**Student:** 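Following this message is one structure expressed as structure tokens.
All ligand and atom numbering here is 1-based and tracks the order in the structure. Predicted, not measured: the structure shown is a model, and the values here were computed from it.
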Amino acid sequence: MKKIFLLTIVISLFSPVYSQKAGHKNEIISIIPQPVSVTQGKGSFTLPHNIVIITPKNEEVKRTAQHLSKQIRTVTNQVNIKEGTTASPKSIFLSLSANKNIPKDEYQLKITTSGVTLIANEPSGIFYGVQTLLQLFSKEIAGNEIHKKPNEWVLPIVTIEDHPRFGWRGLMLDVSRHFFTVAEVKDYIDQMVKYKFNLLHLHLTDDQGWRIQIKSLPKLTEVGAWRVERTGTFGTLSKPNPGEPATYGGFYTHEDIKEIVKYAGDRFVNILPEIDVPGHSLAAIASYPELSCTPGEYYVSPGDRFMIWPGGGQHFYGLLDNTICPALEKSFAFLDKVFTEVAQLFPFEYIHMGGDETARNFWEKNEQIKALMQKENLKDLDEVQSYFVKRVEKIINSKGKKMIGWDEILDGGLAPNAAVMSWRGMKGGIEAAKQGHEVVMSPTDYAYIDYMQGDASIEPPVYATLRLKKAYQFEPLPEGINPSLVKGGQANLWTEQVYNMRHAQYMTWPRAFAIAEALWSPKEKRNWKDFTARVETHFERLNAAEVKYSPAIYDPIIIASKKDTTTVIVKLETEIEGLSIHYSFENSFPDNFYPSYKEPLIVPKDAAYMKLITYRGNKPVGRLMVIPVADLKKRAGIK
Ligand code: ACM
């Protein structure tokens with residue numbers, strides 16, 4: 001069967017933006033992530049009034065057929081599902097091939113004037129093919145409104161052959177800094193699977209909250225899941241007042257976790273649980289203070305300044321000791337209990353143990369740590385951390401799971417079977433692969449979607465920026481290492497500054513489109529201009545689905561430099577082509593009748609604000625940006 005497909009398929013590397021009309025009205029074929037091969041024919045297939053989906057006798061494929069039918073029904077109200085092994089005219093025929101040469105997750109989707117045929121070797125391939133099929137419908141398919149004219153449902157004539165580049169295509173959601181409900185997590189899964197992500201990493205524990213019920217350690221959720229409520233900027237929030245009730249937070253019960261795992265599994269998504277130790281453990285220590293090397297009063301942090309974050313790769317400095325003590329046997333007894341329940345709840349083969357950003361300043365002075373170093377012959381605190389990580393790995397392995405951790409687990413010597421999640425750039429991943437360990441790439445410079453995605457004057461403040469264009473340059477496979485050790489990659493959404501799901505969506509999209517494409521599509525097909533055209537059509541789909549996204553790609557990039565000791569020069573660029581930038585310096589709101597940016601601007605001597613807006617033709621597309629000249633001077637290095 002594969003041969004027949006190959007005969008009819010032209011492998012189209014370097015495909016341009018597809019210009020042929022598809023769907024109804026003016027839609028183009030616009031698939032994210034870009035498939036391996038798309039061959040478009042002439043004409044179209046109009047869905048009949050009573051479209052039939054034919055599915056094999058396979059529970060997983062039937063479930064996928066239900067998902068497809070539900071989405072089609074939302075807009076046409078006319079779908080039937082039948083079991084069968086042959087296509088009937090004008091149907092959507094889902095078929096599992098007996099050809100074992102087709103790789104896992106591959107699918108072949110063929111739309112002709114007589115119907116739709118989707119063939120894969122495994123149910124996951126059918127699921128991915130259905131996601132592609134849904135993207136071939138016009139955007140209303142992503143919505144919830146019943147469409148009034150079912151006979152307008154038109155699909156392009158096309159043959160698509162597709163398979164993923166990497167098997168680990170992840171997003172991480174930090175549910176500790178802010179808690180997200182089961183319904184919200186399911187909603188996030190619904191969005192991610194449309195773009196063929198297959199892994200959701202839940203960061204379940206941190207200084208700001210412990211989010212998973214551990215039945216043998218009830219205080220973790222009685223105490224650790226709750227903090228005093230504060231609103232504002234992380235790191236500047238006020239500490240709990242004496243006796244102030246901790247009412248903000250939440251946690252997942254075992255039943256909740258089972259529900260999430262089942263929901264994800266039905267959509268071919270693995271859930272990777274993270275229990276972040278030995279650092280980032282204030283919520284656990286507030287629950288069980290005896291786990292700390294440093295006796296004291298502990299609380300779940302509402303986002304106050306209990307640490308000093310020095311940056312530049314230096315070790316963190318704790319004002320409170322937020323680490324589980326590696327010198328205490330009871331720490332490992334505690335972790336044994338935690339990982340026993342975690343291993344039972346999550347079927348995925350890996351458990352993430354964190355391991356990042358451990359503050360050592362309390363360990364440095366601690367007598368129990370010194371005694372441990374002597375007893376175990378550990379020459380420095382890296383080796384203390386490594387001792388801890390190796391013991392954690394033994395616990396996790398004893399529960400039948402593999403361990404993964406952030407790249408700090410390399411410090412002082414990697415545990416024998418550990419996989420490494422590389423976040424401080426790619427170097428940790430490269431080093432781990434050179435030592436023969438599996439790696440997942442999620443470097444801050446390309447894949448940290450908690451960073452601002454546009455200019456600081458318009459984005460909610462975070463300490464760093466990652467624009468869509470940079471995220472699109474993410475290349476998970478560096479040269480010079482064994483490619484089979486790179487399992488894939490993921491984008492990470494830390495939620496210190498993400499208080500609700502609308503903002504989580506805003507931070508995720510469109511950057512997760514870029515990450516999805518880096519992880520699924522052939523490297524050779526990467527094409528920024530083509531991608532941004534597709535991103536814009538998917539904005540329409542997100543609108544239909546009522547999912548928030550950032551429009552930052554429409555806003556100008558501002559580069560301020562110094563002309564002389566008092567004068568700023570501003571250079572403006574746009575991430576995407578075809579926009580005009582209009583500006584003012586006299587406080588009024590610019591529109592497309594205002595001057596259009598042509599060359600670097602000299603900020604007038606007494607101006608207080610620069611205001612900017614972008615247009616495409618006569619349509620405003622960017623947001624109105626207001627930048628104090630004092631800020632521009634600071635950026636230019638003028639005192
Ligand atoms: C991390 O961002 N601390 C893994």
Side-chain angles (χ1 to χ4, degrees), residues 168 170-178 199-209 211 234-235 272-284 301 303 305-318 322-324 350-360 382 385 388-389 392 403-411 414-415 418-432 437 439-452 462-466 470-471 474 476 487-498 504 507-508 511-512 515:
W168 183 303
L171 290 177
M172 189 211 78
L173 181 63
D174 170 2
V175 293
S176 170
R177 271 51 178 272
H178 285 97
L199 182 128
L200 178 64
H201 168 174
L202 290 178
H203 182 74
L204 288 164
T205 71
D206 212 301
D207 302 307
Q208 285 73 33
R211 304 290 177 219
F234 184 84
L272 172 69
E274 180 185 352
I275 304 294
D276 196 354
V277 287
H280 288 279
S281 291
L282 210 47
S301 164
R305 192 164 181 268
F306 65 95
M307 294 282 268
I308 294 179
W309 292 278
Q314 291 175 58
H315 280 302
F316 281 33
Y317 183 88
N322 69 339
T323 64
I324 304 257
Y350 289 90
I351 292 177
H352 199 304
M353 56 71 62
D356 59 321
E357 300 180 324
T358 312
R360 277 93 173 271
D382 278 347
Q385 156 113 357
F388 177 89
V389 173
V392 171
M403 186 183 84
I404 186 164
W406 300 112
D407 57 54
E408 285 93 331
I409 67 170
L410 280 151
D411 300 345
L414 200 45
V420 168
M421 192 170 270
S422 192
W423 73 279
R424 297 175 300 176
M426 309 281 279
K427 63 182 185 314
I430 294 169
E431 176 55 35
H437 291 252
V439 303
V440 173
M441 297 294 192
S442 60
T444 53
D445 11 2
Y446 300 98
Y448 262 42
I449 56 172
D450 58 323
Y451 288 3
M452 296 184 291
V462 179
Y463 57 92
T465 303
L466 170 63
K470 188 81 191 279
F474 177 37
K487 297 183 71 65
Q490 61 179 54
N492 298 333
L493 181 55
W494 302 100
T495 60
E496 288 95 331
Q497 280 307 132
V498 180
M507 298 304 281
T508 304
R511 287 179 295 188
I515 303 300

**Student:** With atoms numbered from 1 as shown, which atoms in ligand 1 lie under 4.0 angstrom from a non-hydrogen atom of E357?
**Tutor:** 3 (N)
**Student:** Does the side chain of Q385 come within less than 4.5 Å of P278's, by heavy atoms?
**Tutor:** yes
**Student:** If the cut-off is 4.0 Å to any non-hydrogen atom of Y448, which atoms of ligand 1 fall inside it?
**Tutor:** 1 (C), 2 (O), 4 (C)
**Student:** Examine H352 together with W423 and report whether their ring centres are nearer than 6.0 Å.
**Tutor:** no
**Student:** Can you tell which of W494, Y463, Y446 makes a ring-ring contact (aromatic ring centres under 6.0 Å, His included) with Y451?
**Tutor:** Y463
**Student:** So which protein heavy atom does atom 3 (N) of ligand 1 come closest to, and at what separation?
**Tutor:** D356 OD2, 2.6 Å
**Student:** Check this for me - ligand 1, H280, N or O atoms closer than 3.5 angstrom, yes or no?
**Tutor:** no
**Student:** In terms of atom number and element, which parts of ligand 1 are under 4.0 angstrom from non-hydrogen atoms of W494?
**Tutor:** 1 (C), 2 (O), 4 (C)
**Student:** Hey, are Q208 and S301 close enough side-chain-wise for a donor-acceptor pair under 3.5 Å?
**Tutor:** yes
**Student:** I want to know whether Y350 and W168 have ring centres closer than 6.0 Å.
**Tutor:** yes
